[in-house]
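Below is one structure, written out as structure tokens, with a few remarks after it.
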Amino acid sequence: MTPAHWQVMNEAGFEIWDWNVGSLDHVYKKDNARVEQRVFDRLEANRAANIASIILAHDHSMTPKALDTIIRYAKERDYEFRTLEGVQPVHNFSDVWEPHLSERATP
């Protein structure tokens, strides 16, 4: 997005979030093992750095089986699933993002 796009979106009241766990499902189409391992590695790296994870998955590339495996993996390790509603600050690639102290307990 161009700076003009950002400005218009912000003025319209939109919060624009980026991800910090790229599944690369659009690259490894239907290769569940590679997609899953990519996500597992990033989840663990973010947890070690005490940073919440935002996973990017494409509805045309991520298979239901891979998504199921990723969710089960995360639940078995006590990850918490939440919406981004009310979470501040918004995460963008241009920012270094760490959750507020109240967010740190549940990466």
Side-chain angles (χ1 to χ4, degrees):
M1 288 179 42
T2 67
H5 286 119
W6 279 99
Q7 182 178 348
V8 170
M9 296 294 282
N10 285 327
E11 288 171 0
F14 287 94
E15 291 184 340
I16 303 167
W17 282 82
D18 289 324
W19 62 92
N20 60 7
V21 177
S23 67
L24 296 184
D25 60 336
H26 65 292
V27 174
Y28 304 127
K29 293 178 182 176
K30 313 300 184 214
D31 185 348
N32 288 347
R34 289 186 84 171
V35 169
E36 293 162 5
Q37 194 58 55
R38 168 77 180 184
V39 173
F40 300 159
D41 292 346
R42 290 305 314 149
L43 287 175
E44 296 306 321
N46 283 352
R47 177 175 264 181
N50 204 24
I51 298 172
S53 293
I54 304 169
I55 302 170
L56 172 66
H58 300 86
D59 62 347
H60 58 84
S61 299
M62 174 73 72
T63 68
K65 183 176 180 333
L67 185 57
D68 180 67
T69 301
I70 290 165
I71 291 170
R72 288 177 190 274
Y73 174 94
K75 284 185 172 184
E76 289 169 2
R77 287 157 182 80
D78 296 322
Y79 281 84
E80 182 179 327
F81 293 82
R82 295 189 272 167
T83 66
L84 297 173
E85 185 175 346
V87 175
Q88 293 294 325
V90 171
H91 171 65
N92 289 287
F93 293 130
S94 59
D95 305 326
V96 175
W97 182 59
E98 293 188 28
H100 287 203
L101 293 175
S102 63
E103 298 289 315
R104 290 180 184 274
T106 54

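Note that CG of Leu56 is 6.5 Å distant from CG of Asp25, once rounded to the nearest 0.5 Å. For the atom pair Ile70 CD1 and Lys75 NZ, the distance stands at 13.5 Å (nearest 0.5 Å).
In this structure, Leu84 and Trp17 approach most closely via the heavy-atom pair CD1-CD2, 3.5 Å. The two residues Asn20 and Ala52 have their closest heavy-atom pair at ND2-O, 2.9 Å. Between Ser23 and Ala57, the shortest heavy-atom distance links the atoms OG-CA, 4.0 Å.
For His5, the side chain to side chain contact (heavy atoms under 4.5 Å, CB included) partners two or more places apart in sequence, or in a different chain, are Met1, Thr2. The side chain to side chain contact (heavy atoms under 4.5 Å, CB included) check on Arg77 picks up Glu44, Arg47, Tyr73, Tyr79, with sequence neighbours excluded. By the side chain to side chain contact (heavy atoms under 4.5 Å, CB included) test, Ala66 pairs with Asn32, Glu36, Met62, Thr63, sequence neighbours left out. Legend: residues meeting salt bridge (Lys or Arg N to Asp or Glu O under 4.0 Å) with Asp41, ordered by chain and number and at least two apart, are absent. Partners of Arg38 under the side-chain hydrogen bond (donor to acceptor under 3.5 Å, both in side chains) rule, at least two apart in sequence or in another chain, do not exist in this structure. Partners of His26 according to the side chain to side chain contact (heavy atoms under 4.5 Å, CB included) rule, which considers only residues two or more places apart in sequence or in another chain, are Leu24, His58, Ser61.
Residues Thr69 and Val35 are not in side-chain contact: their nearest non-hydrogen atoms beyond the backbone lie 4.5 Å or more apart.
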